[in-house]
Amino acid sequence: MGHYNCSQILSCSIFFPKNCSPLSATEVSSKGFGQSRALGYLFANSTIHQAPCIVAMQEDNSKLRIPHVLTVAGSDSGAGAGIQADLKACAARGVYCSTVITAVTAQNTIGVQGVNIVPEDFVAEQLKSVLSDMNVDIVKTGMLPSIGIVKVLHHSLKQFPVRALVVDPVMVSTSGDVLAGPSILAGFRNVLVKGGDLASSLDAVDIFFDGDNFYELRSPRVRTRNTHGTGCTLASCIAAELAKGSLMLSAVKVAKRYVGSALDYSKDIAIGNGLQGPFDHLLKLKSNVHNSCRPQVFDPSDLFLYAVTDSGMNKKWGRSITDAVKAAIEGGATIVQLREKEAETRDFLESAKACVEICRAYGVPLLINDRIDVALACDADGVHVGQSDTPASIARTLLGPEKIIGVSCKTPEQAHQAWVDGADYIGCGGVYSTNTKANNITVGLEGLKAVCLSSKLPVVAIGGIGVSNARAVMEIGVAALKGVAVVSALFDRESVLNETRKLHALLKETTSSVK
Ligand SMILES: Cc1ncc(COP(=O)(O)OP(=O)(O)O)c(N)n1
Ligand SMILES: Cc1nc(C(=O)O)sc1CCOP(=O)(O)O
Ligand SMILES: [Mg+2]
């Protein structure tokens, strides 16, 4: 994309979630990415704002503004890749997608039988129609079949600027020919190099470069023939998340997780007779949906430092829930639960909506304690329920397969039931006595260990945990235990940011010495 105005590239600052470790340039090349026939995703980003955008913006009294991605790409008659994949990915991510078609291909799961390139002036006309009228946030490009079409796009974007451009260039053809060399990459700052094609690796390892640091993004490789269109889908999903207001690294992480889930969900579906089939972007084609084949949207490592809010404590220290949540995330919280026992429903809903925006921008899941109605109304990532709340099985029916559900358990029997009911994780406590929850039964480290050893689900410990005892909790050394959930040690303090930072550093230290 050498013709795009690279002087506008990137001024965004990115929040880096803690489970993403920076790599040095040498580490990257020693992992073989230098020779990989990877696709590159280049993000030429002019004005991504740090403050998160809202998902649907009220423009005036009557109109809602919907996040909008324009894809400029080729049509795939088999609908696994290209424009068709982009439309499905954006629909799955809740974003409007308009289309400018650069070429029409005749293809199926066996191969490409024909290509008909759309004349440059008609590509220009499509671009003008959409960009002049439709408030596009992000442009994503796929197949740009001629230098003339690249120039047309460049001209249109100068005339109608957008917030960011996500470029999905084919750097090396399937036959191994270099189509765009390293010098092209040098002009960009944000780059994602996809390592999904490194067949020897058990994991799908991608490298994200933000201009300063390299980040390794690792997920289990899904063994399936149904991978046609993964590149287009990943790039479109990144564009969709950026359109919703996500920061760059967070958008990349969400997109990678979404593609992994969709591949996993669709790994056994059969469409076409060729070697590489399409997958199901909407996770709906498979008919026998059962607990065991739910898409894997929940990452157990998110339980590492689980911040649980308390309206009373925030009021006492004179801060809003949103300020408290933001400070906790900036200090290193990896998941947040809103536990607002005293709030009026309307107030709770309003602050929950604001917290959803904050958490989404940072790529941190947000759960609602007890209130499935509030979770649905604010589109939270899930709920946490206890033994006397709505049963997890009903929560699952109400929330669907993609939301996260946590259940409080004090015994192995409760942990087994939570798994049967379709929960994603278990909160086990009270590990120590607590003033935050009245009449709570303490199970101690022994009780925690018994639950962890029996549990098929990941576990987070809760109750009386802080910097003085978090090490002892993590050192019970049971694989199912993924982290600690904390209320007062973060929120009944003057500085949520400092307390979260301290606890995060301690947990990091503890887990590296336990390994
Ligand atoms: C992570 C986590 N674990 C346990 C609880 C407690 O839930 P519950 O037993 O429903 O009690 P309340 O929090 O509703 O008082 C939790 N909230 N989070
Ligand atoms: C909300 C909650 N649930 C518990 C359980 O045992 O299930 S203990 C608890 C309170 C945790 O607060 P703090 O970190 O201030 O002790
Ligand atoms: Mg409860």
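All of these numbers come straight from a predicted model, not from anything done at the bench. Whatever order the structure lists ligands and atoms in, that order sets their numbers, starting from 1.
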Asks: Which atoms of ligand 1 have any heavy atom of Asn369 under 4.0 Å away?
Replies: 12 (P), 13 (O), 14 (O), 17 (N)
Asks: For ligand 2, find out whether one of its N or O atoms is nearer than 3.5 Å to an N or O atom of Gly430.
Replies: yes
Asks: With the Mg ion (ligand 3) as the reference point, give the N/O/S atom of Asp389 that is nearest.
Replies: OD2
Asks: For atom 14 (O) of ligand 2, which protein heavy atom lies nearest, and how many Å away is it?
Replies: Val487 N, 2.9 Å
Asks: Please list the nearest protein heavy atom to atom 3 (N) of ligand 2 with its residue and the distance rounded to 0.1 Å.
Replies: Lys437 CD, 3.5 Å
Asks: Could you tell me the residue and atom name of the protein heavy atom closest to atom 7 (O) of ligand 2, and the distance to it rounded to 0.1 Å?
Replies: Ile462 CG2, 3.8 Å
Asks: Under 4.0 Å, heavy-atom basis, I'd like to know which part of Gln387 is in contact with ligand 1: side chain, backbone, both or neither.
Replies: neither
Asks: Does any N or O of ligand 2 fall below 3.5 Å from an N or O anywhere on Arg339, backbone included?
Replies: no
Asks: To check you understand the geometry: which heavy-atom pair defines the closest contact between Ala461 and Leu481, and what is its length?
Replies: N-CD1, 3.8 Å
Asks: Can you establish whether the number of heavy atoms outside Glu350 located under 6.0 Å from its atom CD is more than 12?
Replies: no
Asks: Does this structure show an ion pair linking Lys403 with Asp379, if we count only N-O contacts that are shorter than 4.0 Å?
Replies: yes
Asks: So, is Asn440 polar-close to ligand 2, with some N/O to N/O distance under 3.5 Å?
Replies: yes
Asks: Assess Gly464 for proximity to ligand 2: is some non-hydrogen atom of it under 4.0 Å away?
Replies: yes
Asks: Out of Ser408, Ala307, Gly483, indicate the one that has the non-hydrogen atom closest to atom 9 (O) of ligand 1.
Replies: Ser408
Asks: For ligand 1, is there an N or O atom under 3.5 Å from any N or O atom of Lys437?
Replies: yes
Asks: Closer than 4.0 angstrom: is that true for some heavy atom of Val308 and an atom of ligand 1?
Replies: no
Asks: Looking at Asp370, pick out the N, O or S atom nearest to the Mg ion (ligand 3) and give its name.
Replies: OD1
Asks: If you measure every N or O of Gly386 against every N or O of ligand 1, does any of those distances drop under 3.5 Å?
Replies: yes
Asks: Flag Gln337 as yes when one of its N or O atoms lies below 3.5 Å from any N or O atom of ligand 1, and as no otherwise.
Replies: yes
